[in-house]
Amino acid sequence: MKKKIVSAIGILGLCTSLALPTYAAEKVDSETHHHEYSISGFISHSELKKSLYQMEASSKGLLEVDVAGQSHKGLDIYTVKVGTGDKVILIQSEIHGNEKTGTVAILNLLKNLSANSKEAKQIRDEVTLVFMPMMNPDASEADKRRNSMTWAEVVEDFPQLASAKPSWNYLDRGISQSYNYGENPGFDVNRDFNPDLNYVPTAQDFPGASNKPGWFITPESQTSRDVYKALKSEYGNVDVFIDLHHQGMYFVDGTSDEVTLSLSAQFVPDPNTPEGAKYAQFADNYNYDFSRQLNVAAYNELQSYGNSKFKNISLYSQGLDLPGTALGSYALNGSGTVLFEVRGQTQMMGQKEKGQLVKSVERGLDAIIRGVADGTVENLNPADYEKIPLTSSKPTN
């Protein structure tokens with residue numbers, strides 16, 4: 001039986017001809033000016049709010065915008081939901097605030113998904129899409145990777161951690177990615193997830209490590225978890241989870257081509273293998289083949305654009321064990337997972353190449369959503385994932 005819509009998300013049609021929306025530049029906090037590159041072409045939190053509610057009002061009930069929670073500084077974290085299908089896709093952007101193209105891509109897709117086209121209607125009938133654009137708004141407003149929470153504030157929220165050492169993903173000294181965390185400490189929110197969605201922080205689990213689960217101590221990760229849990233409760237499963245990121249400057253292995261976008265389906269060892277034995281309790285839910293099929297769908301779509309940078313797609317580092325990431329935790333809970341890692345962060349290139357990078361994300365997402373909606377993604381060969389070229393730090397001369 002089809003479920004009632006609760007958030008708000010539009011329906012994807014073909015995104016290739018849609019012009020990117022323009023947003024008026026807004027005066028930004030002085031904290032933002034920590035590198036030399038302009039970011040005025042990206043969207044601020046207040047502009048995001050305005051755009052979402054305008055689209056909701058003009059969608060005639062197809063989009064539903066909700067406030068899912070608040071950031072540490074009290075900024076609203078939004079969900080946008082569209083569609084009434086039994087297949088559930090959750091997509092989030094800007095868990096790192098210096099990785100901004102995903103938010104713009106989401107807004108573009110929402111226009112298509114809420115259109116009156118035949119394709120959009122078909123997708124809405126088959127899929128329920130939930131977007132969390134700019135899910136770490138404090139970091140986005142400050143144009144930095146981490147949130148704005150201190151360890152002392154964590155202990156205020158969780159007194160049982162008074163004797164614990166600060167978590168390994170907390171930075172309170174030095175400069176990282178051109179940002180001074182000595183003056184403005186914070187947590188990498190994308191290391192604060194736990195495969196146990198009901199986990200309660202305990203001192204013995206700190207400071208932790210990259211190959212160990214996180215703790216849900218930040219309000220941003222808590223909000224993502226709560227949205228994920230609510231969808232699982234309502235629909236039985238979140239079929240697909242996609243996280244939109246940026247990375248450094250790399251090359252497609254064996255070439256001198258600069259990577260436009262890297263993809264990945266692998267964030268923890270398969271619980272059904274000896275390497276993943278510590279995750280054995282999640283073995284029945286883990287579906288690596290489906291994750292690989294989703295990635296292949298995006299890769300094939302981007303390869304279809306002829307002799308262009310859209311073809312410069314690589315496979316992100318494999319052999320990872322990152323249960324504290326949203327992707328790792330949600331994969332263990334039964335979601336097919338896809339990582340998008342776009343070329344360059346704002347401290348490296350600002351808004352340079354924004355148009356093409358945003359379009360790459362749109363086209364990859366569009367292919368996945370269409371493939372899930374019509375079921376064709378399940379016909380793809382998971383082994384084709386291994387044929388995607390790896391990422392290299394150096395060009396081939």
Side-chain angles (χ1 to χ4, degrees), residues 15-16 91 93 96 99 101-102 105 190 210 240-270 273 275-276 287-322 325 327-328 331 336-345 348-349 352-372 376-397:
C15 304
T16 57
I91 302 172
S93 70
H96 299 136
E99 302 176 356
T101 56
N190 196 40
S210 65
V240 179
F241 173 69
I242 305 173
D243 213 356
L244 306 178
H245 286 256
H246 284 233
Q247 62 183 342
M249 311 294 230
Y250 297 103
F251 299 86
V252 178
D253 191 40
T255 76
S256 58
D257 297 331
E258 296 177 339
V259 167
T260 297
L261 172 69
S262 295
L263 298 164
S264 186
Q266 192 275 320
F267 314 101
V268 290
D270 188 334
T273 66
E275 294 78 13
N287 193 345
Y288 185 47
D289 277 353
F290 183 50
S291 293
R292 292 194 295 171
Q293 289 170 319
L294 294 167
N295 280 261
V296 170
Y299 179 75
N300 288 348
E301 175 69 15
L302 290 164
Q303 291 304 294
S304 72
Y305 286 94
N307 187 21
S308 71
K309 288 187 178 180
F310 290 117
K311 294 186 69 174
N312 295 351
I313 310 303
S314 66
L315 200 60
Y316 193 71
S317 296
Q318 301 294 283
L320 301 177
D321 188 2
L322 301 173
T325 62
L327 286 156
T337 48
V338 184
L339 168 69
F340 281 61
E341 286 276 2
V342 171
R343 167 184 170 80
Q345 294 148 329
M348 303 173 72
M349 55 193 293
K352 184 180 178 182
E353 300 180 25
K354 171 195 164 193
Q356 183 176 65
L357 296 176
V358 168
K359 186 61 69 176
S360 297
V361 176
E362 284 181 55
R363 288 172 170 170
L365 289 176
D366 177 68
I368 292 171
I369 293 170
R370 285 187 285 112
V372 171
T376 56
V377 71
E378 297 176 21
N379 298 327
L380 297 173
N381 184 356
D384 286 345
Y385 174 82
E386 322 303 337
K387 299 177 183 178
I388 300 174
L390 295 173
T391 302
S392 175
S393 59
K394 297 180 180 180
T396 298
N397 296 326

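In this text, all values refer to a predicted model and were calculated from it rather than measured experimentally.
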In this structure, which one of Val338, Ile368, Ile242 forms a side chain to side chain contact (heavy atoms under 4.5 Å, CB included) with Ile91?
-> Ile242
Residues forming a side-chain hydrogen bond (donor to acceptor under 3.5 Å, both in side chains) with Asn190, sequence neighbours excluded = none
Taking the six-membered ring for Trp, are the ring centroids of His96 and His246 within less than 6.0 Å of each other?
-> no
Qualifying residues under side-chain hydrogen bond (donor to acceptor under 3.5 Å, both in side chains), relative to Glu275, sequence neighbours excluded = Thr273
Give a yes or no on whether the backbone of Lys311 and the side-chain of Gln303 come within a donor-acceptor separation of less than 3.5 Å.
-> yes
Report yes or no: does Ser291 contribute a side-chain atom to a donor-acceptor pair with the main-chain N or O of Thr337 at less than 3.5 Å?
-> yes
Please report the shortest heavy-atom distance between Leu357 and Met349, naming the atom on each side.
-> CD1-CE, 4.2 Å
What one should report as the nearest heavy-atom pair of Ala298 and Phe340 is CB-CZ, 4.4 Å
Determine which pairs satisfy salt bridge (charged side-chain N to carboxylate O under 4.0 Å, His left out) with at least one residue from residues 251-262, sequence neighbours left out, and list them in order.
-> Glu258-Arg343
Could you tell me whether a side-chain N or O of Glu301 sits under 3.5 Å from a main-chain N or O of Ala367, the two making a donor and an acceptor?
-> no
Ring pair (Phe, Tyr, Trp, His ring centres under 6.0 Å) filter on Tyr288, not counting sequence neighbours, yields none
Find out whether Leu261 and Arg363 are in side-chain contact, i.e. whether some heavy atom of one side chain is under 4.5 Å from a heavy atom of the other.
-> no
Under a 4.5 Å cut-off applied to non-hydrogen side-chain atoms, are Leu365 and Leu244 in contact?
-> yes
One should read off an interatomic distance between Arg292 CZ and Leu294 CG, to the nearest 0.5 angstrom, of 11.5 Å
Quick one: side-chain hydrogen bond (donor to acceptor under 3.5 Å, both in side chains) partners of Asn381, sequence neighbours excluded?
-> none
Under 4.5 Å between any side-chain heavy atoms of Lys354 and Val358, yes or no?
-> yes
Are Gln356 and Phe310 close enough that some pair of their side-chain heavy atoms sits under 4.5 Å apart?
-> yes
Rounded to the nearest 0.5 angstrom, the OG1-NE2 distance for Thr101 and His245 is 11.0 Å
In terms of heavy-atom contacts, Gln266 and Val268 come closest through NE2-O, 3.1 Å
Here the gap from Ile313 atom CD1 to Leu315 atom CG, rounded to the nearest 0.5 Å, amounts to 11.5 Å
Straight-line distance of Ser264 OG to Leu320 CG, nearest 0.5 Å = 6.0 Å
Taking all heavy atoms of Pro389 and all of Tyr299, pick out the closest pair and write down the distance.
-> CD-OH, 3.5 Å
Any side-chain heavy-atom pair from Gln318 and Tyr385 closer than 4.5 angstrom?
-> yes
Side chain proximity check, Asp243 to Phe267, heavy atoms < 4.5 angstrom = no
Could you pull out the closest heavy-atom pair between Ala105 and Val361, with the gap in Å?
-> CB-CG1, 3.7 Å
Could you tell me the separation between the OG1 atom of Thr391 and the CG atom of Leu263, rounded to the nearest 0.5 Å?
-> 9.0 Å
For Pro269 and Asp321 the tightest heavy-atom approach is CD-OD1, 3.5 Å
From OG1 (Thr260) to OH (Tyr250), nearest 0.5 Å = 15.0 Å
Where do Thr396 and Thr255 land on the side-chain contact (heavy atoms from CB on, under 4.5 Å) test, with the steps shown first?
-> CA-CA 5 Å; Thr396 298; Thr255 76; 5.6 Å; no
Hits for side-chain hydrogen bond (donor to acceptor under 3.5 Å, both in side chains) against Lys387, two or more places apart or cross-chain, chain-then-number order -> Asp384
